[in-house]
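Reckoned from all heavy atoms, side chains included, excluding hydrogens, waters and symmetry mates.
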Number of protein chains: 2
Amino acid sequence: METIHKDRTYSIRQLSKEFDVTARALRFYEDKGLISPERKGQTRLYSARDRARLQLILRGKRLGFSLIEIHEILDLYTPKDHGTAQMRATLAKYRGQIETLKRQREDIEAAIKDMAEGCVWLEDQIHQHEAEASN
Amino acid sequence: METIHKDRTYSIRQLSKEFDVTARALRFYEDKGLISPERKGQTRLYSARDRARLQLILRGKRLGFSLIEIHEILDLYTPKDHGTAQMRATLAKYRGQIETLKRQREDIEAAIKDMAEGCVWLEDQIHQHEAEASN
DNA sequence: CATAATCTTTACGTTGACGTCAATGTAAAG
DNA sequence: CTTTACATTGACGTCAACGTAAAGATTATG
């Protein structure tokens, strides 16, 4: 194992190229409190942790969550408090989020099913059409 | 079986209450060409088909698609042309859509997995905390 | 050293998806 | 027939999520 991995930092360009988002978007996410890269003087230095958070942000976006919702989800990923009551509350949020995701998964599966059936029907039609044409 | 089912129509209020969207939204969707209810004079009359389309629209929204994307998806649901070439093209779109949905499903499953692991960890922490407290 | 390439902040512009308000129409109830 | 309730079409407002352009600071390169 090399030592290089955990302490690597990324420039704003590197990250924006890697994930195909604009630098503007990254600064915007920072503005909204979703990421907080360090600074070397003026310029931003993104850590591996920042990079991971960005991945979560983008996944959230692909799933149709707003930046505010994503912010709340990110909060679930950042361990902070240690009171039992707080931990129970956090646990409840986790579970709520899981329920949300499961409902979404059902939507997706219904959509996939619909589309797959449409495929079958269409393939069938095409075959019939071809059979007709060859007579 | 009763005869009442297929020919029922819905007012804009009925639909908006049933699906918990505003009348404004329904008119907006119409403006964008997503639904086309008939008119009795001025007022809109939504058919069972319109209702079904609305369900698809809302599902699309829950999955994070834009109205434009939803419009394209709705097009896939409305059979229209009969040329073999067109049907092949449509089939390709179906398949593309399925791929999109499958990628989304993978995102969701990853998210669910993350959250579930977080749950386990949290439950563990809470148990340890309680064990400590009882000594 | 000059200049080009990147970075920064500030600020205004844009697009999507509606909300809200005004002015008006119409249909059922009392 | 008047009131009450819900319908319609504009037109403008709003919020999120960036895009874009301006102007300056810093770093890299010939």
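Using a cut-off of 4.0 Å between Lys/Arg side-chain N and Asp/Glu carboxylate O, A:R59 and B:E106 are scored as not salt-bridged. Here B:E130 pairs with A:R88 in a salt bridge; the nearest charged N to carboxylate O distance falls below 4.0 Å. Electrostatic pairing of A:K32 and A:E69 does not count as a salt bridge here, judged by no charged N lying under 4.0 Å from a carboxylate O. With salt bridges taken as basic N to acidic carboxylate O contacts below 4.0 Å, one links B:E123 and A:R95. Under a 4.0 Å N-O distance rule, the pair A:K93/A:E72 does not qualify as a salt bridge.
Using a 4.0 Å cutoff on non-hydrogen atoms, the parts of residues 54-66 of chain B near DNA chain C are B:K61, B:S66, ordered by number. Contacts between residues 19-30 of chain B and DNA chain C, defined by a heavy-atom separation below 4.0 Å, involve B:T22, B:R24, B:A25, B:F28, B:Y29, listed by number.
Across the protein-nucleic acid pair, B:D31 atom CG and D:dC12 atom C1' stand 15 Å apart, rounded to whole Å. Between the C1' atom of D:dA16 and the CD1 atom of A:I70 lies a distance of 12 Å, rounded to the nearest Å. For the pair A:R39 CZ and C:dT8 P, the computed distance is 6 Å after rounding to whole Å. Between the CD atom of A:E72 and the C1' atom of D:dA16 there is a distance of 15 Å, rounded to whole Å. Here D:dT8 presents its C1' atom at 14 Å from NZ of B:K40, a figure rounded to the nearest Å. In this entry the distance linking CG of B:L67 with C1' of C:dC18 reads 9 Å, nearest Å. Remark: C1' of C:dA27 and CG of B:L45 are 14 Å apart, rounded to the nearest angstrom.
Across the interface with DNA chain C, nearest-nucleotide mapping of B:Q42 and B:I68 shows B:I68 to be the residue nearer the 5′ end.
Between A:M115 and B:Y94, the closest heavy-atom pair is O-CD2, 3.3 Å.
Summarising the local packing, NZ of A:K80 is surrounded by more than 12 heavy atoms from other residues, nucleotides or ligands at distances under 6.0 Å. Within 6.0 Å of CG in A:D124 there are more than 12 heavy atoms belonging to other residues, nucleotides or ligands.
Considering only side-chain N and O atoms, B:R13 lies under 4.0 angstrom from the phosphate OP1 or OP2 of D:dA7.
Comparing C:dC7, D:dT8, D:dA16 by their closest approach to the side chain of A:S11 singles out C:dC7. Between D:dT8, D:dA17, C:dT8, one nucleotide has an atom nearer to the side chain of A:I12 than all others, and that is C:dT8.
No side-chain donor from either of B:Y10 and B:D50 sits under 3.5 Å from a side-chain acceptor of the other.
Between the OG1 atom in B:T9 and the CG atom in B:L45 there is a gap of 4.5 Å [rounded to 0.5 Å].
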Checklist line | Derivation and outcome, side chain to side chain contact (heavy atoms under 4.5 Å, CB included), residues B:F28 and B:L67 | finding: CA-CA 10 Å; B:F28 186 75; B:L67 292 189; 3.4 Å; yes
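In the helix from C:dC1-D:dG30 to C:dG30-D:dC1, the terminal helix axes, each the rotation mapping four pairs' C1' atoms onto the next four within five end pairs, subtend 10°, rounded to 10°.
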